[in-house]
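Note that these values count all heavy atoms, side chains included, but never hydrogens, waters or copies made by symmetry. Worth saying up front: this structure is predicted, and the values here are computed from it rather than measured.
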Amino acid sequence: MASMADQFRAFLEAKEPVILEGALKSQEANAKEFAREARRKVPRRSGDLRKSIVVTGPGQRTPAYSRGGAKTVPANTYVVTAGDTHTRYGHIVEHGSKKMRARPFWWNTYRTLRAKFRRRHKAALRRAVK
């Protein structure tokens, strides 16, 4: 007779592909919504910074000169970046400088949407497990 822990482990192993798919879909939705909101909140001057905010999916490379540089995104992950080869000043706009006041668009968006993203992710996992 198998223990409850063994039964639960077997259940999770059987559901693993469905759970991963649900988690990945919720992450993609969160990343796209974050990028859309960040683009909406970014100050518009030339529009270059707005255009440089992109979502990068699993196995793809982030743009060069985005924060952290060009990196390959790990499996089961989405990354939102601001900046590219022509737009390297997102951090200055966000935090300001001696000559310019801060005009936050990134971290305010994150703080505003964080709870919603957690709820969406938990709901996706609950649906996948059922």
Side-chain angles (χ1 to χ4, degrees):
M1 185 171 188
S3 70
M4 291 276 290
D6 292 336
Q7 291 174 355
F8 184 66
R9 195 172 296 115
F11 171 78
L12 284 180
E13 286 175 7
K15 287 279 195 172
E16 185 176 14
V18 177
I19 293 170
L20 285 175
E21 181 184 341
L24 197 58
K25 283 182 181 179
S26 73
Q27 286 179 4
E28 180 182 18
N30 289 345
K32 286 181 178 180
E33 183 174 353
F34 179 82
R36 186 173 47 251
E37 285 299 310
R39 281 187 211 110
R40 192 178 65 76
K41 290 182 179 181
V42 72
R44 289 179 212 101
R45 206 171 197 171
S46 67
D48 290 342
L49 183 55
R50 171 185 260 190
K51 292 175 196 167
S52 76
I53 298 174
V54 294
V55 176
T56 309
Q60 299 174 337
R61 290 194 54 82
T62 60
Y65 298 105
S66 62
R67 182 172 176 150
K71 294 181 181 177
T72 302
V73 178
N76 302 323
T77 307
Y78 281 87
V79 175
V80 181
T81 55
D84 56 24
T85 54
H86 303 292
T87 311
R88 302 182 191 181
Y89 50 83
H91 62 288
I92 297 171
V93 174
E94 177 74 17
H95 301 291
S97 69
K98 285 183 179 180
K99 299 180 181 182
M100 185 183 109
R101 67 177 174 81
R103 293 155 85 192
F105 66 95
W106 192 265
W107 289 107
N108 287 346
T109 302
Y110 170 73
R111 283 188 286 273
T112 302
L113 296 174
R114 177 176 38 194
K116 180 180 181 179
F117 291 165
R118 284 184 184 152
R119 284 191 305 272
R120 179 184 288 155
H121 195 66
K122 284 181 181 180
L125 293 176
R126 273 194 300 274
R127 280 191 305 273
V129 169
K130 287 185 178 181

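- For the atom pair OG1 (Thr87) and NZ (Lys51), the distance works out to 9.0 Å, reported to the nearest 0.5 Å.
- In this structure, CD in Glu37 is found 4.5 Å from CZ in Arg40, a value given to the nearest 0.5 Å.
- Every pair tested for salt bridge (Lys or Arg N to Asp or Glu O under 4.0 Å) that includes a residue from residues 76-95 fails, sequence neighbours excluded, so the list is empty.
- Few gaps surround CZ on Phe117; more than 12 heavy atoms of other groups in view lie less than 6.0 Å from it.
- Of all non-hydrogen atoms in Gly83 and Pro63, the two that sit nearest each other are O-CB, 3.8 Å.
- Residue Thr62 forms a side-chain contact (heavy atoms from CB on, under 4.5 Å) with just one option from Thr81, Val80, Thr72, and that option is Thr81.
- Val55 and Tyr78 get closest at one heavy-atom pair: CG1-CD2, 3.9 Å.
- With a 4.5 Å cut-off on side-chain heavy atoms, His86 and Asp48 do not count as touching.
- Shown here is Phe11, whose CZ atom has more than 12 heavy atoms of other residues, nucleotides or ligands within 6.0 Å.
- Considering only residues two or more places apart in sequence or on other chains, Ala128 meets the side-chain contact (heavy atoms from CB on, under 4.5 Å) condition with Val18, Ile19.
- Rounded to the nearest 0.5 angstrom, His95 NE2 and Trp107 CH2 are separated by 8.0 Å.
- Scanning both residues, Pro43 and Phe105, for their nearest heavy atoms gives CD-CD2, 4.3 Å.
- Residues Ser46 and Tyr89 share a closest heavy-atom pair of OG-OH, 4.0 Å.
- Between the CG atom of Leu113 and the CZ atom of Arg119 there is a distance of 10.0 Å, given to the nearest 0.5 Å.
- Here side chain to side chain donor-acceptor pair (under 3.5 Å) pairs that include residues 22-31, with residues two or more places apart or in two chains, are Glu21-Lys25, Ser26-His121, Glu28-Lys32, Asn30-Arg120.
- Val54 shares a hydrophobic cluster with no other residue; no ILVMFWY side chain has heavy atoms under 4.5 Å from its own.
- How far NZ of Lys130 is from NZ of Lys15: 11.0 Å, rounded to the nearest 0.5 Å.
- Remark: Arg9 engages Ala5, Asp6, Glu13 in a side-chain contact (heavy atoms from CB on, under 4.5 Å) (not counting sequence neighbours).
- With hydrogens and angles ignored, the 3.5 Å screen pairs no side-chain donor or acceptor of Thr112 with any backbone N or O of Tyr110.
- Here the closest non-hydrogen pair linking Ile53 and Arg39 is O-NH2, 2.9 Å.
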What verdict does the side chain to side chain contact (heavy atoms under 4.5 Å, CB included) test give for Val42 and Trp106, after you've listed the backbone C-alpha separation in whole Å, the side-chain angles of each residue and the deciding distance to 0.1 Å?
CA-CA 8 Å; Val42 72; Trp106 192 265; over 6 Å; no
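- Met100 and Leu49 fall within the same hydrophobic cluster, where Ile, Leu, Val, Met, Phe, Trp and Tyr residues are linked whenever their side-chain heavy atoms come under 4.5 Å apart, directly or through other members.
- Under the 4.5 Å side-chain criterion, counting only non-hydrogen atoms from C-beta, Leu20 is not in contact with Pro17.
- Members clustered with Val79: Val73, by chain and number, using a 4.5 Å side-chain heavy-atom cutoff among hydrophobic residues.
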